[in-house]
Amino acid sequence: MVKARTLGETIEDRIAAVKERMAQSALRAGRDAAEIKLMAVTKTRTVEEMAAAASHVDFLGENRVQEAASKKEIWMKEVWPDSAIERRKIEWRLIGHLQSNKIRKALALFDALDSLDSVGLALAVERAAAESERSAPVLIEINTSGENNKTGVDAERFPELLDRVLECPHLKLEGFMTVGPLTDDETRVRNAFACLREMASRARLRSGLPLPVLSMGMSGDFQWAIAEGSTCVRIGTSLFGPRV
Ligand SMILES: *Cc1c(COP(=O)(O)O)cnc(C)c1O
């Protein structure tokens with residue numbers, strides 16, 4: 001069977017299409033596309049799919065520690081030994097809620113924890129990182145939509161969490177993450193992203209640190225996120241198809 005090489009047919013084609021849309025959004029916003037990273041979100045995807053994506057994206061993002069652990073085992077055996085991927089070492093980042101009993105495992109598996117959302121979790125990660133004598137790159141996840149079912153620290157608790165994270169010598173705060181509200185309403189979604197940008201800029205003033213990362217935007221809303229200043233979009237469906 002001869003397959004027409006249409007856009008969207010392979011993972012590589014879909015990554016190229018997403019990058020093109022990212023570039024267009026950056027252009028419209030008067031931004032440099034090179035400052036916006038692409039994370040492939042790989043929950044429920046196979047290691048083969050992840051390997052196909054890995055050399056064309058900046059990060060791999062997983063939601064669950066246990067799922068990442070089983071995949072990494074296969075990855076180390078089958079992908080790592082003979083691939084170009086590791087020459088350009090790909091970062092694995094945790095983007096799902098972290099339970100305190102999985103912190104050690106998460107630190108061993110991931111290069112960064114993007115979903116820090118409470119003082120208790122921050123202090124526990126600090127202790128575990130100190131014990132293993134490493135530093136842990138982290139993002140603080142903020143609930144910018146006010147939806148109760150959303151993860152992330154809410155606006156009132158954010159200043160305290162920020163201060164506590166900044167006091168932790170083994171936590172290396174890179175910036176902030178949010179999940180936009182699940183709606184087609186452009187104004188509401190963009191307001192949430194603008195809220196993250198504004199909280200980040202206040203945090204920079206408060207801390208005197210660059211805190212450059214704004215992780216926001218998924219398949220349905222990454223173009224709006226780029227318009228509002230995203231530096232990392234997290235894409236699953238548009239790269240791999242619908243999750244089953
Ligand atoms: C699943 C997930 C994504 C990717 O969502 P898509 O709509 O499939 O692109 C991004 N961020 C987080 C936190 C996720 O859980």
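Every number for a ligand or one of its atoms is a count from 1 in the order of the listing. Atoms considered below: every heavy atom in the structure, side chains included; atoms not considered: hydrogens, waters and symmetry mates.
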- Query: So which protein heavy atom does atom 10 (C) of ligand 1 come closest to, and at what separation?
  - Reply: M218 SD, 3.1 Å
- Query: Who's the nearest protein heavy-atom neighbour of atom 12 (C) of ligand 1, and how far?
  - Reply: I95 CD1, 3.6 Å
- Item | Atom indices of ligand 1 within 4.0 angstrom of N63 heavy atoms, with elements | 14 (C), 15 (O)
- Message: Between E62 and R93 (salt bridge meaning N to carboxylate O under 4.0 Å), is one present in this structure?
- Response: no
- Determine whether the side chain, the backbone, both or neither of T237 has a heavy atom under 4.0 Å from any heavy atom of ligand 1. both
- Quick one: do L173 and L209 satisfy side chain to side chain contact (heavy atoms under 4.5 Å, CB included)? Show the steps, please. CA-CA 9 Å; L173 183 63; L209 296 171; 5.8 Å; no
- Message: To check your reading of the model: name the closest protein heavy atom to atom 9 (O) of ligand 1, its residue, and the distance in Å.
- Response: S219 OG, 2.5 Å
- State which residue, out of N191, D221, V189, fulfils the side chain to side chain contact (heavy atoms under 4.5 Å, CB included) condition with P181. V189
- Identify the closest protein heavy atom to atom 11 (N) of ligand 1: which residue and atom is it, and at what distance? R234 NE, 2.9 Å
- Message: Evaluate G236 for polar contact with ligand 1, using N/O atom pairs at a separation under 3.5 Å.
- Response: yes
- Note: ligand 1 atoms sitting under 4.0 Å from heavy atoms of I235 are 9 (O)
- Of the protein's non-hydrogen atoms, which lies at the shortest distance from atom 2 (C) of ligand 1, and what is that distance? K43 NZ, 2.5 Å
- For the residue pair F59 and F110, is the inter-centroid distance of their aromatic rings smaller than 6.0 Å? no
- Query: Are E198 and R202 within salt-bridge range, i.e. N to O under 4.0 Å?
  - Reply: no
- Distance-only N or O hit between ligand 1 and S238, under 3.5 Å: no
- D163 and R206 ion-paired at < 4.0 Å: yes
- Query: Does R243 have a non-hydrogen atom less than 4.0 Å from ligand 1?
  - Reply: yes
- Note on the structure: A student checking ligand 1 against V41 at a 4.0 Å heavy-atom cut-off should list atoms 1 (C), 2 (C), 3 (C), 4 (C), 10 (C)
- Do the numbers put R45 on top of the ring of F240, so that NZ or CZ is under 6.0 Å from the six-membered ring centre and no more than 45° off the axis? no
- Item | Basic-acidic side-chain contact under 4.0 Å: E160, R157 | no
